[in-house]
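Excluded from the calculations below are hydrogen atoms, water molecules and symmetry mates; all remaining heavy atoms, backbone and side chain alike, are included.
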Amino acid sequence: MYKSILVPIDLSEESSWRKSLPSAIAMARTFGTDLHVVTVVPDFGRSIVGGYFPEGFEAQALEKTSEMLKEFLGQTVPGDIACKGHVAHGTIYEEINKVADKLGCDLIVLASHRPELKDYLLGPNAARVVRHARQTVMVVRE
């Protein structure tokens, strides 16, 4: 049914993968699909903010995140699952959708918390992924 599954995670927030990653692993096993896990390092937003960080900070952050993701996947994804980690950099929901498109994923499995009032007004990243994705999106709630 699905050929390639993408799971966006935040390495510093267990709730971003605690239920969604096991769900995606079960689906990958069931359908015999590839599993891709992406984490996004947010950009500085405005260039003035970047001036407060040392030169090369973003490159170091991306390298460290890549190491952390590799270690995380080694500890959490069973060896019988074909899994590849990806680190993106930029606006979270945009990068998730770009990676899904680039990799040809046909399913995105992501975690979402129960919305608060502020989320109805601003829209969390999960809602933006759902709205803008070309793929089927499965939202796994805590």
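Linking Ile, Leu, Val, Met, Phe, Trp and Tyr residues whenever their side-chain heavy atoms come within less than 4.5 Å leaves L21 and L6 in two separate clusters. By the rule that hydrophobic residues join a cluster once side-chain heavy atoms approach within less than 4.5 Å of another member, V7 and I25 end up as members of one cluster. V130 and V140 are assigned to two separate hydrophobic clusters, defined by single-linkage of ILVMFWY side chains at heavy-atom distances under 4.5 Å. Hydrophobic cluster membership is shared by V129 and V40, with clusters built from Ile, Leu, Val, Met, Phe, Trp and Tyr side chains linked at under 4.5 angstrom. Cluster membership for V37 and V139, using ILVMFWY side-chain heavy atoms within less than 4.5 angstrom, is not shared.
Annotation: salt bridge (Lys or Arg N to Asp or Glu O under 4.0 Å) contacts involving residues 64-75, sequence neighbours excluded, are absent. Sequence neighbours left out, the pairs with a member in residues 99-110 that pass side-chain hydrogen bond (donor to acceptor under 3.5 Å, both in side chains) are D101-R134, D101-Q135. Here ring pair (Phe, Tyr, Trp, His ring centres under 6.0 Å) pairs that include residues 3-22, with residues two or more places apart or in two chains, are W17-F72. Every pair passing salt bridge (Lys or Arg N to Asp or Glu O under 4.0 Å) that includes a residue from residues 76-93 is listed here, sequence neighbours excluded: R29-D80.
Legend: residues meeting side chain to side chain contact (heavy atoms under 4.5 Å, CB included) with A126, ordered by chain and number and at least two apart, are L110, S112. With sequence neighbours excluded, no residue forms a side-chain hydrogen bond (donor to acceptor under 3.5 Å, both in side chains) with T30. E63 is linked by a side-chain hydrogen bond (donor to acceptor under 3.5 Å, both in side chains) to nothing, counting only residues two or more places apart in sequence or in another chain. Every residue two or more places apart in sequence or in another chain was checked for a side-chain hydrogen bond (donor to acceptor under 3.5 Å, both in side chains) with T136, and none qualifies. Partners of V87 according to the side chain to side chain contact (heavy atoms under 4.5 Å, CB included) rule, which considers only residues two or more places apart in sequence or in another chain, are T39, V41, L62, T65, S66, L69. For K19, there are no salt bridge (charged side-chain N to carboxylate O under 4.0 Å, His left out) partners at least two apart in sequence or on another chain. Partners of E94 by side chain to side chain contact (heavy atoms under 4.5 Å, CB included), not counting sequence neighbours, listed by chain and number: T91.
For the residue pair C105 and I5, the shortest heavy atom distance occurs at SG-C, 4.3 Å. Contact between L35 and A24 at its shortest, heavy atoms only, is CD1-CB, 3.8 Å. Annotation for L103 and H86: closest pair CD1-NE2, 3.5 Å, computed over non-hydrogen atoms. Here the closest heavy-atom approach between residue N97 and residue R128 is recorded as ND2-O, 4.1 Å. The heavy-atom pair separating H36 from S4 by the smallest distance is CD2-OG, 3.2 Å. Listed here is the closest heavy atom pair of S16 and A111: O-CB, 3.5 Å.
Considering only heavy atoms from C-beta on, L107 comes within 4.5 Å of M138 through its side chain.
How far CG of D10 is from CG of N125: 10.0 Å, rounded to the nearest 0.5 Å. Taking OH from Y2 and CE from M27, the interatomic distance works out to 5.5 Å, rounded to the nearest 0.5 Å.
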